[in-house]
Number of protein chains: 2
Amino acid sequence: MHAHVMHLSLPALREACSQCNLRELCLPVGLSANELGQLDALVNQRRRVVRGQHLYRGGDAFEAIYAIKTGFFKTDVLLEDGREQVTGFQMAGEILGLDGIGSEKHTCNAVALEDSEVCVIPFADLENYSREIGALQHHFHKVMSREIVRDHGVMMLLGVMRAEERLAAFLLNLSQRFTARGYSPTEFNLRMTRNEIGSYLGLKLETVSRAFSRFQEDGLITVHQKHIQILDVAGLKKLLSERRA
Amino acid sequence: MHAHVMHLSLPALREACSQCNLRELCLPVGLSANELGQLDALVNQRRRVVRGQHLYRGGDAFEAIYAIKTGFFKTDVLLEDGREQVTGFQMAGEILGLDGIGSEKHTCNAVALEDSEVCVIPFADLENYSREIGALQHHFHKVMSREIVRDHGVMMLLGVMRAEERLAAFLLNLSQRFTARGYSPTEFNLRMTRNEIGSYLGLKLETVSRAFSRFQEDGLITVHQKHIQILDVAGLKKLLSERRA
DNA sequence: TGTCCACGTTGACGCAGATCAAAGCCCGAG
DNA sequence: CTCGGGCTTTGATCTGCGTCAACGTGGACA
């Protein structure tokens with residue numbers, strides 16, 4: 001069917017950045033039409049990753065960052081004793097691999113949670129292009145900075161929130177990101193297991209499951225397996241702002 | 001005594017990057033002598049921040065990043081209800097303010113924990129210089145990437161470690177950073193309160209205090225107020241690798 | 001179409017760390 | 001030198017979430 005790595009050199013490639021419907025979410029935000037055309041040359045390779053497969057592993061040599069074209073990923077870090085911390089879930093238009101720049105090795109694992117396709121962005125090339133295209137350079141810096149800010153949000157989750165607050169924040173965050181991609185804000189399928197949600201939120205899977213049940217009892221959401229419908233966005237938000245104890 | 005903002009335009013500034021004893025830890029790592037000289041022009045402003053004062057606050061317009069010349073800072077994020085998450089402690093040679101690039105506003109607070117001095121690096125200038133100096137561009141990317149990796153480490157702390165593991169990891173991390181700056185790996189003064197340590201580690205101050213006492217009973221460290229002496233580095237490391245339960 | 005198995009739910013119970021409370025200590029201001 | 005307030009320590013008790021256990025469920029595959 002598909003080769004796992006495709007080299008695309010056709011001049012008018014249908015899915016290059018300039019034609020990509022994710023270009024307003026992804027790396028090329030704010031570039032002129034002319035600059036976008038230059039990006040098409042930078043991002044000229046794709047890679048398919050089937051569900052369960054690694055895009056990269058901790059320790060792999062760092063050579064490129066990846067823009068998700070379709071699909072869904074998790075990133076995680078493992079402790080020697082096997083404990084896992086999921087550091088994030090990534091969806092279309094988001095960038096993977098920034099962790100590898102500092103040490104020239106990837107420092108976490110990236111695993112596809114559904115069959116996915118990514119655009120390969122060789123990092124040396126990106127640095128070269130961004131020396132010429134100021135808007136690209138600046139936007140890349142924004143992407144990295146936002147990753148740092150996102151991480152601070154996760155620290156907040158893990159450091160000070162109670163279990164139900166964490167799950168509410170998680171659902172609202174997913175909802176908002178699906179919305180930005182043109183999907184329903186209130187109805188979606190989770191791509192990850194309860195265990196993975198728990199690892200991300202610093203909770204055990206049983207606690208995640210109980211919190212889902214509680215939200216359902218309280219009429220905030222409906223849950224059927226991985227299908228979630230949010231019935232009361234305001235109610236979820238209130239959970240976050242209401243401090244008890 | 002000192003103006004809070006000093007403009008330095010003297011040609012042979014004693015403390016510019018090329019003469020700075022932190023240049024191997026800070027932004028200029030890996031630059032040639034020639035390139036270093038160019039940096040002196042970029043980093044031409046200092047700012048003193050007295051203990052307890054903010055370097056910036058969440059919401060402030062983002063204009064510059066800061067390299068710590070002397071002193072010690074914490075960064076934190078506040079929830080509406082007043083809960084605080086300390087996102088990091090920064091010491092000489094480390095960079096503050098990267099959180100602001102993405103939104104053009106700072107997204108956390110940076111507070112001096114002792115009288116400090118920072119080098120002001122106007123961000124637009126940094127981007128301009130790094131278009132000319134590839135090594136600067138690349139090193140700046142590494143700095144940002146390492147911040148992301150550091151944040152993943154904190155998530156690991158908060159997500160999967162028990163209280164004593166967290167404190168051991170914290171002490172070992174401080175020890176290693178002091179070492180890199182030429183200070184003793186085993187003896188140092190904490191600049192932050194038990195409450196601030198707790199906020200960073202996702203623990204209450206009483207738990208931090210008890211863990212210190214426990215380590216002392218076990219002969220791993222001595223504690224006198226803020227003065228810490230590490231007696232058994234290997235013992236602390238063992239706490240981290242030993243999984244129980 | 002039945003079987004299997006990873007995933008999910010729910011209940012009972014235990015414990016790490018939070019909370020509440022009371023003292024002690026150190027340092028800076030007067 | 002004394003006083004006061006912020007920080008720290010320690011003890012007693014409480015509780016949210018983890019742990020352990022049993023059962024339910026739906027999708028993949030033969």
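Lettering of chains follows the sequences in order, A, B, ..., and the numbering in each one begins at 1.
- Proximity of Leu240(B) to Leu172(B): side-chain heavy atoms (C-beta onward) are separated by under 4.5 Å at one or more points.
- Checked against the 6.0 Å centroid criterion, the rings of Tyr200(B) and Phe89(B) qualify as a close aromatic pair.
- Arg214(B) places its CZ atom 13 Å from the P atom of dG11(D), with the value rounded to the nearest Å.
- Protein atom CG of Leu201(B) is 11 Å distant from nucleotide atom P of dA18(C), rounded to whole Å.
- Using a 4.0 Å heavy-atom criterion, one finds that Gly198(B) contacts no nucleic acid atom at all.
- Going from atom CZ of Arg166(A) over to atom C1' of dG18(D) covers 12 Å, rounded to whole Å.
- With sequence neighbours excluded, no residue forms a salt bridge (Lys or Arg N to Asp or Glu O under 4.0 Å) with Asp151(B).
- A donor-acceptor contact shorter than 3.5 Å is absent between the side chain of Thr186(B) and the backbone of Ser184(B).
- Taking atom CZ of Arg162(A) as the reference point, atom P of dG17(C) lies 17 Å away to the nearest angstrom.
- As a whole-Å value, the separation of Leu167(B) CG from dG17(C) C1' is 14 Å.
- Listed for the Arg166(A) side chain is a donor-acceptor partner under 3.5 Å among the backbone atoms of Leu201(A).
- Just one of Asp99(A), Asp60(A), Thr87(A) meets the side chain to side chain donor-acceptor pair (under 3.5 Å) condition when paired with Thr107(A); it is Asp99(A).
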Inset, instruction - Classify every nucleotide of nucleotides 6-12 of chain C by which part a protein heavy atom approaches to under 4.0 Å, writing B for the base, S for the sugar-phosphate alone and - for neither, in 5'-to-3' order. - result: --SBBBB
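- Rounded to an integer number of Å, the gap from Lys204(A) NZ to dT19(D) C1' is 9 Å.
- Put simply, CD on Glu164(A) is 14 Å from C1' on dT15(D), counting in whole angstrom units.
- Whole-Å rounding puts the His227(B) NE2 to dC27(C) P distance at 13 Å.
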